[in-house]
Number of protein chains: 2
Amino acid sequence: MYSETVARPAVSRATLSRVAADASVSISTVSKVLNGRMGVSDSTRARVEELLRDHGYNRRNSGLSVAPLIELVFDAIDSAWAIEIIQGVERISRENGMSVVLTESGDRHSPSPDWIDGVMRRRPAGVILVFSDLSADHKHQLRVRNIPFVIVDPAGDPAPDVPSIGSANWSGGYLATRHLIDLGHRRIATITGPDDMMCSTARLSGYRAALEAAGIKSRDDYIVGGEFHHEDGIVRGRELLSLPDPPTAIFAGSDLQALGVYEAARAMGVSIPDDLSVVGYDDLKIALWAGPPLTTVRQPLTEMAEEATRLVIRLRNDTQVDNLRIDLATSLVVRGSTAKLVTS
Amino acid sequence: MYSETVARPAVSRATLSRVAADASVSISTVSKVLNGRMGVSDSTRARVEELLRDHGYNRRNSGLSVAPLIELVFDAIDSAWAIEIIQGVERISRENGMSVVLTESGDRHSPSPDWIDGVMRRRPAGVILVFSDLSADHKHQLRVRNIPFVIVDPAGDPAPDVPSIGSANWSGGYLATRHLIDLGHRRIATITGPDDMMCSTARLSGYRAALEAAGIKSRDDYIVGGEFHHEDGIVRGRELLSLPDPPTAIFAGSDLQALGVYEAARAMGVSIPDDLSVVGYDDLKIALWAGPPLTTVRQPLTEMAEEATRLVIRLRNDTQVDNLRIDLATSLVVRGSTAKLVTS
DNA sequence: CGGGTACTCCGAAGCGATTCGGTGTCAGGA
DNA sequence: TCCTGACACCGAATCGCTTCGGAGTACCCG
């Protein structure tokens with residue numbers, strides 16, 4: 001019966017021999033499955049893995065079977081963005097007696113094959129992925145070993161049973177655009193992030209919704225895309241400002257892009273905020289330091305990281321965890337880069 | 001002999017029997033000590049504990065005696081500064097099949113007591129400290145276990161046998177000041193970092209040397225100190241610009257400080273670079289993005305981090321390593337925040 | 001001096017897990 | 001039909017560790 005495998009009393013420890021007996025195989029075979037050795041048929045391996053999981057098998061007696069480690073995986077550690085996440089994860093981990101293993105996967109969609117081997121060796125208490133998704137195989141391996149994982153700001157739309165921490169991207173896009181509209185702007189362009197990321201598309205959708213609500217038709221030539229980097233802000237900003245009918249306001253997909261727009265504007269003699277209003281996204285520290293200070297949508301990165309860490313620890317410790325998907329609120333921070341449109 | 005403790009083979013795993021043999025007691029006794037059971041005299045317990053530590057005994061499994069881990073310790077992960085270091089360490093570690101454990105010590109002088117316990121449990125291949133120094137006790141513990149460590153940008157003047165990676169701070173200070181002198185400036189102020197950090201004092205010394213070489217007397221009221229943060233740049237910048245005889249150029253101790261000076265100048269209606277030239281230090285990405293782009297002393301942070309990682313790996317693998325103290329070159333990057341002094 | 005007691009420590013048994021050599025099975029080829 | 005090699009799986013040996021009973025020893029008290 002199903003309930004039998006789930007409601008295992010856990011009074012007595014799970015051992016290889018127990019699992020072996022349940023699976024009707026030898027102890028050696030179970031050991032091989034456990035250590036990923038070859039010489040086990042796929043069907044047997046699957047059956048044994050299933051049973052290992054059901055038994056909640058815990059790598060050698062109950063003592064210290066999991067290392068006090070949290071794995072933190074970035075697709076790229078390439079901006080001040082990452083710092084805020086790292087800080088949040090590190091702090092909460094430390095408060096819970098955990099250390100942080102940091103990995104740069106180099107690929108947005110899945111960490112390298114080597115990575116999972118290292119994780120299996122280290123047996124961390126949990127895994128936190130930023131942006132990166134996991135391959136089905138990796139997810140399966142983690143689940144078999146009972147290692148919980150959480151995705152921060154998931155790139156695609158993750159499966160419903162994958163715990164994730166996000167933020168209210170649609171609202172962010174809406175708020176930013178609405179703010180510009182309230183200032184009198186009508187020609188409002190936006191620079192988005194990559195198309196395949198949910199956060200980008202949600203923000204774009206918020207942007208469109210705000211325009212529509214104000215009765216402004218959205219224009220395709222005012223919607224340009226790129227990565228979230230500074231460079232993209234420069235290039236796309238220049239393109240937008242070179243249009244025959246240039247926008248009077250730009251909603252950038254990130255603070256870095258917004259600073260790129262600053263640079264493009266500077267190079268073209270366009271003054272911010274007099275000739276052009278700019279809104280960023282993220283509220284990194286540099287947003288405050290820019291000249292003029294950047295109006296931006298505050299995304300609580302550190303809080304998201306902290307929440308993700310707490311969630312992954314809860315998933316490890318508690319049998320039942322609610323709220324597997326948490327979205328934190330975004331808010332608009334108005335500074336000096338946006339101004340009332342002066343109709344000349 | 002010194003070399004004896006260093007040249008521990010570390011080839012085979014630590015086992016109870018090995019420790020027992022060394023301590024001339026039975027395996028059972030060691031087991032009891034390990035598990036805090038009674039029935040062991042205080043003297044024996046102390047001796048066994050000592051040996052367990054020396055062997056780096058690490059509680060069952062884990063096969064190898066050293067984990068493929070590099071410990072990276074910051075006093076504070078609080079600026080874009082850290083990103084560049086982290087990236088460098090992570091990249092080289094990964095290339096060498098290592099993962100990175102990141103810790104924020106919260107204290108510039110020595111990581112918390114808990115920290116060393118974690119390190120001993122993990123048995124990393126090496127430790128990289130940024131800024132933070134180590135207590136004599138921690139150094140001893142690491143040396144006994146044959147875990148090499150490297151200090152990046154050492155705060156104080158480290159002992160001669162402590163491997164370290166620095167940069168040419170004196171030259172950096174000299175170059176920056178010289179550049180300002182060459183532009184015709186005579187009233188050149190500087191904002192330093194903390195007094196107790198070697199990098200600060202070396203830069204200050206370079207600053208003084210450049211002034212002296214040009215026959216300019218250094219003024220005490222032009223030398224102000226603070227932390228390396230943005231906030232300090234604002235406060236100190238405002239102070240300097242409020243002097244009855246304000247400087248026409250400021251050499252800041254960091255890019256963050258320099259951006260703080262930008263803000264102070266903006267608030268006081270002082271234009272950069274027309275009324276005030278500013279030189280930063282570090283060449284973070286934001287230096288390029290600032291308006292105007294910041295003239296700064298490039299400190300090769302990523303290269304320093306990479307070099308530190310390579311060094312720590314060499315220290316682990318090779319019996320003999322030369323060049324325990326490496327200083328990388330600094331260079332001046334001239335951008336838009338410095339200009340010829342216009343004598344009015 | 002003899003016997004009891006408390007303490008320290010060891011040896012052997014036993015357990016969980018890994019590993020290696022070996023066995024059974026099955027498919028393909030002569 | 002038999003041989004052969006690949007593969008899946010098992011059993012026994014072994015390893016690392018814990019535990020328990022008991023031996024050795026020092027000390028105290030009569």
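Convention: sequence-line order gives letters A, B, ...; per-chain numbering from 1.
- Applying the 4.0 Å criterion to OP1 and OP2 of dG16(D), one finds that T15(B) has every side-chain N and O outside that range.
- Here the side chain of E104(B) pairs a donor or acceptor atom with the backbone of I77(B) at under 3.5 angstrom.
- For the pair L16(A) CG and dA17(C) C1', the interatomic distance rounds to 6 Å; values are reported in whole Å.
- At a threshold of 4.0 angstrom between heavy atoms, the contacts of S24(A) are confined to the sugar-phosphate backbone, with no base atom among them.
- Residue contacts shown for S41(B) are limited to sugar-phosphate atoms, with no base heavy atom under 4.0 Å away.
- A sub-4.0 Å separation between OP1 or OP2 of dC9(C) and a side-chain N or O of S26(B) is absent.
- The separation between K32(A) atom NZ and dC20(C) atom C1' is 10 Å, rounded to whole Å.
- The interatomic distance linking D42(B) (CG) with dC9(C) (C1') rounds to 15 Å, in whole Å.
- A donor and an acceptor atom never sit less than 3.5 Å apart when one is taken from the side chain of S17(B) and the other from the base of dG16(D).
- Taking atom CZ of R45(B) as the reference point, atom P of dT8(C) lies 9 Å away to the nearest angstrom.
- Considering L72(A), V89(A), I165(A) in turn, V89(A) is the only one that fulfils the side chain to side chain contact (heavy atoms under 4.5 Å, CB included) rule with T309(A).
- Rounded to whole Å, the distance from CD1 on I27(A) to P on dA13(D) is 15 Å.
- Counting only heavy atoms from C-beta outward, the side chains of T44(A) and T29(A) approach each other to under 4.5 Å.
- When the C1' atom of dC17(D) is taken as reference, atom CZ of R18(B) falls 15 Å away, rounded to whole Å.
- An OP1 or OP2 oxygen of dC9(D) is reached within less than 4.0 angstrom by a side-chain nitrogen or oxygen of T44(A).
- The number of heavy-atom neighbours closer than 6.0 Å to CG of D161(A), taken from other residues, nucleotides and ligands shown, is above 12.
- With salt bridges taken as basic N to acidic carboxylate O contacts below 4.0 Å, none links E50(A) and R47(A).
- In this structure, S31(A) reaches the dT18(C) phosphate: one of its side-chain N or O atoms is under 4.0 Å from OP1 or OP2.
- Contact annotation for V30(A): no contact, since no heavy-atom pair falls under 4.0 Å across all strands.
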